[in-house]
Every structure is written in C-alpha cells, then in structure tokens.
Amino acid sequence: MTAADPAADLPIEIHDAETIVRAVKTPHHVNPAETRIRPSAFRPAPGHTVLSVMRQLMGDDFCKDKGVEICGNEYIGLAAIAAAEVRRPGSLVVDYRDDFLGHAHIDHQLPAIQRNEPPPPDLLQQLDDRCKKLAAAAVFHKDPSPTVPSWAGSALRLASLPGERPPPVDLRPPV
Amino acid sequence: MFQLTASSTSITSLSFAASAPMWTPINVQSAPPPTPMPRPQLRPSLYQEFAAHRHLQHISNLADNWDGYGATSIHADTARNAHRALTTLLLSLPLPEITPNSNGTISFEWQSPFGHANLEMGLTRYSFFVQLARGPTIPLDGPAASVPDVLGSVVAALLFPVTGAQDTALTTFAK
C-alpha cells in the first residue's frame with residue numbers, strides 16, 4: 001500500500017494496531033469543552049447492533065470527506081480509536097466494504113435497542129460499560145475547518161502497523 | 001430486582017430480591033474505602049435546576065436523525081417523563097449529565113468516587129442501575145411515569161454519602 005493510493009490494496013482484515021475513525025455530527029456526542037467524545041457516540045442506532053466507522057488506512061482526508069458526506073452539514077469532528085481498544089472490552093470491528101471501501105462496523109455483540117424504550121437494566125449496564133470504555137480510549141479531534149474539504153487537524157493515526165514506517169511527524173502548529 | 005411494595009414516600013418500600021444475579025457481597029477486607037465527607041447541600045440552585053430543564057427541553061426538540069446515523073427524535077411523553085423524574089431527583093441529588101440517546105431515550109448519569117448511577121427514561125419504561133465502586137450493582141426498572149420518589153435519596157446516600165448513610169442505604173436495598 002502506498003500513500004498515493006491507499007485504497008489499492010486495503011486488506012479486509014483489520015489489524016489491532018489499525019486506527020478506526022468515527023465521524024461526530026452532534027455536539028451531544030462530545031463534552032461541553034469539545035475535547036472528549038461521550039459514550040453515547042458509540043451506541044448503535046435503534047434496531048441495529050452495529051455502528052458505522054471508517055478505516056484510517058484510507059487516509060485522513062478520506063475520513064473527513066466521507067464523514068462530511070455521511071453526516072451532512074452538522075459534522076463537527078472525528079474520533080480515532082485503535083482497533084485493539086474496540087476489541088478489548090468484547091466488541092468486534094470488521095471491514096464492511098459493501099457500502100464503500102474503507103467502511104467498517106463496530107459490533108458490540110449485544111441485543112439491538114428498541115426505539116423509544118430503554119434496554120433492561122442488565123443490558124443497559126453492559127452497553128454503558130462498553131461505550132464508556134470505547135469513549136475513554138478514543139481521541140476526539142474537533143475539526144478546525146469543518147466546511148472545507150480535506151482534513152486540517154492533527155494526524156488521526158494512533159500507531160504504526162507492524163512492518164510499516166512510522167507516520168511522519170506533524171509539524172503544523174496545534175490548532 | 002427491586003419491587004415497590006408500599007408507600008413510595010418510605011425508603012423501606014424498596015425491597016431487593018436476594019436471588020438477583022447482580023448482587024455480590026461487599027468485601028470489607030480489601031483496600032480502604034473512600035472516606036465519606038461532610039456533605040454540602042447536594043441540591044442544585046433554582047437557576048441550575050432551571051438550566052437543566054431548559055437543556056432537557058432543547059434535547060426534546062431534536063429532530064429525527066439528530067446524530068447523523070438515524071437517531072430517533074424524543075417523543076413528547078418521553079420528555080414529560082424525563083422532566084418529572086428530574087424534578088423529583090433534584091430534590092436530593094446534584095445535577096446529572098443529561099444525554100439524548102440514539103433510540104429516543106434520555107439518560108441521567110451521576111458519578112462519584114463511590115460509583116455511578118445511570119437512569120434512562122423512555123416512552124413507557126425507565127431503566128436504572130447504580131454501580132458501586134466497592135459493592136454491588138443494583139438494577140431497577142419500571143413504568144416511566146412512576147420513578148420511585150425515594151430513588152434520589154437512596155442514590156444520594158450511596159454515591160454522595162455522609163458517614164453511615166451508605167451502609168443504611170445498602171441495608172435498605174438488601175432487605
């Protein structure tokens with residue numbers, strides 16, 4: 001895989017060290033200071049057991065542009081989390097390129113939640129615990145220029161993959 | 001699970017089934033517990049309470065797909081249930097973190113060194129648990145229009161205890 005064409009050879013398998021990206025649309029999914037992502041950002045939509053994420057291997061610009069495309073105008077930033085941190089508490093992260101290349105699903109392996117009704121207490125506790133662990137491990141990047149194409153924030157990638165050169169150091173001043 | 005057996009104004013009206021799977025005895029031999037502190041007034045000011053209800057009102061006005069991933073808007077009755085519960089709980093608890101959920105429910109969360117509590121309000125049901133840092137997880141659920149009046153007092157005693165209050169509350173739950 002090259003930096004010029006990250007999609008050319010995207011493996012289906014997601015390595016533990018790979019960075020997974022969740023686009024954040026609503027301010028309700030971040031704390032008031034917009035520095036941390038809230039656990040509710042990792043809750044699946046009603047009737048679903050999975051939530052949509054992107055693979056950073058496709059590039060930061062891809063994640064930003066796709067996030068905007070998916071989320072619409074209220075997009076506010078991106079949250080990055082290592083695949084290993086998704087798997088640690090028991091969730092799955094799997095490639096789901098049926099929708100688009102670079103798309104993946106996080107599956108909490110918990111029953112789907114009903115519309116308008118809370119899950120029973122035992123399921124609520126499991127879901128709360130799972131989402132809290134993911135939120136604690138995720139790094140939220142507020143987009144400094146959400147209406148402009150391409151990513152202008154700090155690098156999303158959290159770690160290098162085995163056998164890969166480390167990502168270049170970001171010399172841009174912090175936003 | 002808890003069962004409401006008598007007057008909702010009495011703390012002894014909550015009973016806890018001994019067979020509940022989430023109940024585990026407290027190990028008093030391990031690390032020293034957090035020290036209960038003299039408790040200042042937990043109840044928020046009138047202005048804070050007003051601001052909380054206003055935030056709740058804002059959440060209630062969210063349109064469908066407010067999170068960009070197919071979230072459900074908040075039903076008027078869910079909002080009404082949440083306002084009613086919040087009014088009651090704030091008689092004895094500090095302001096919770098108030099979060100809308102993708103399935104159209106509203107979560108209230110309290111956190112302290114003694115544990116955390118999560119109450120999720122829905123259209124017809126509520127779901128609740130309090131997870132103690134050094135003790136059991138206590139689940140509770142029921143009709144959304146009748147969150148027990150004593151819930152706030154019991155959670156306050158467990159998460160924001162003055163000396164002796166936590167033991168009393170746990171004993172009450174265990175009965």
Side-chain angles (χ1 to χ4, degrees), chain A residues 22-32 36-53 66-78 99 105-106 108 111-129 131-132 135-136 146, chain B residues 1-2 20-22 55 58-59 62-79 81-82 85 97-109 111 115-131 136-144 147:
Chain A
R22 170 84 164 162
V24 179
K25 171 177 181 177
T26 168
H28 293 290
H29 281 172
V30 292
N31 66 335
R36 286 186 295 106
I37 190 165
R38 280 185 163 152
S40 52
F42 289 105
R43 271 177 83 134
H48 291 79
T49 60
V50 299
L51 60 147
S52 280
V53 287
K66 208 69 187 176
V68 171
E69 181 188 323
I70 294 168
C71 292
N73 292 336
E74 290 185 55
Y75 151 87
I76 57 170
L78 299 171
D99 289 342
H105 278 163
I106 290 178
H108 292 315
I113 299 170
Q114 271 186 56
R115 198 174 291 268
N116 289 322
E117 298 294 356
D122 55 341
L123 177 56
L124 174 63
Q125 191 198 358
Q126 287 180 67
L127 187 63
D128 179 73
D129 182 61
C131 293
K132 276 200 166 91
Chain B
M1 294 287 171
F2 293 104
M22 299 170 89
H55 180 52
H58 169 69
I59 286 173
L62 291 172
D64 272 337
N65 195 32
W66 54 265
D67 69 349
Y69 293 101
T72 304
S73 60
I74 310 292
H75 193 283
D77 286 347
T78 301
N81 294 333
E97 184 167 306
I98 304 172
T99 317
N101 296 309
S102 57
N103 59 327
T105 60
I106 298 172
S107 286
F108 300 139
E109 286 190 75
Q111 182 91 37
H116 80 274
N118 185 327
L119 172 66
E120 187 167 325
M121 299 299 303
L123 183 59
T124 66
R125 308 282 303 169
Y126 76 87
S127 188
F128 167 86
F129 71 88
V130 55
Q131 186 171 22
T137 295
I138 303 165
L140 184 67
D141 60 357
V147 175

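To find a chain, count down the sequence lines: A is the first, B the second, and so on, and within it residues start at 1.
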Which one, A144(B), S102(B), S107(B), leads in non-hydrogen pairs under 4.5 Å with chain A? S102(B)
Show me the donor-acceptor pairs within less than 3.5 Å that the side chains of residues 122-131 of chain B make with the rest of the protein, sequence neighbours left out.
residue: T124(B); atom: OG1; partner: E117(A); partner atom: OE1; Å: 3.4
residue: T124(B); atom: OG1; partner: E117(A); partner atom: OE2; Å: 2.6
residue: S127(B); atom: OG; partner: P119(A); partner atom: O; Å: 2.7

side-chain contact (heavy atoms from CB on, under 4.5 Å) assessment of D128(A) paired with E120(B): CA-CA 11 Å; D128(A) 179 73; E120(B) 187 167 325; over 6 Å; no
Before accepting this row, confirm whether a basic side-chain N of the pair E109(B)/R38(A) lies closer than 4.0 Å to the acidic partner's carboxylate O. no
Can you establish whether the number of heavy atoms outside H105(A) located under 6.0 Å from its atom NE2 is more than 12? yes
I'd like to know which of N116(A), T26(A), L51(A) tops the heavy-atom pair count under 4.5 Å against chain B. N116(A)
Shortest non-hydrogen contact from P121(A) to L140(B)? CG-O, 3.5 Å
Please report the C-alpha distance between T105(B) and R43(A) in whole Å, then the side-chain angles of each, then the deciding distance to 0.1 Å, and finally whether the side-chain contact (heavy atoms from CB on, under 4.5 Å) criterion is met. CA-CA 12 Å; T105(B) 60; R43(A) 271 177 83 134; 4.3 Å; yes
In terms of ring plane angle, is the pair H55(B) and H28(A) parallel, tilted or perpendicular, where the classes change at 30° and 60°? tilted
Search all heavy atoms of Y69(B) against all heavy atoms of A45(A) and return the closest pair with its distance. O-CB, 3.5 Å
Pairing of R36(A) and E97(B) as salt bridge, 4.0 angstrom limit: no
Region of I106(B) in contact with chain A, defined by heavy-atom distances below 4.5 Å: neither
Per-residue contact mode, H29(A) against chain B (heavy atom under 4.5 angstrom): side chain
Interface check, chain A: of N103(B), I98(B), N118(B), most non-hydrogen pairs under 4.5 Å belong to N103(B)
Those residues that, when tested against Q126(A), pass side-chain hydrogen bond (donor to acceptor under 3.5 Å, both in side chains) (two or more places apart): none
Highest number of heavy-atom pairs under 4.5 Å with chain A: which of A71(B), P100(B), G70(B), G104(B)? P100(B)
Go through the atoms of N65(B) and report whether side chain, backbone, both or neither lie under 4.5 Å from a heavy atom of chain A. both
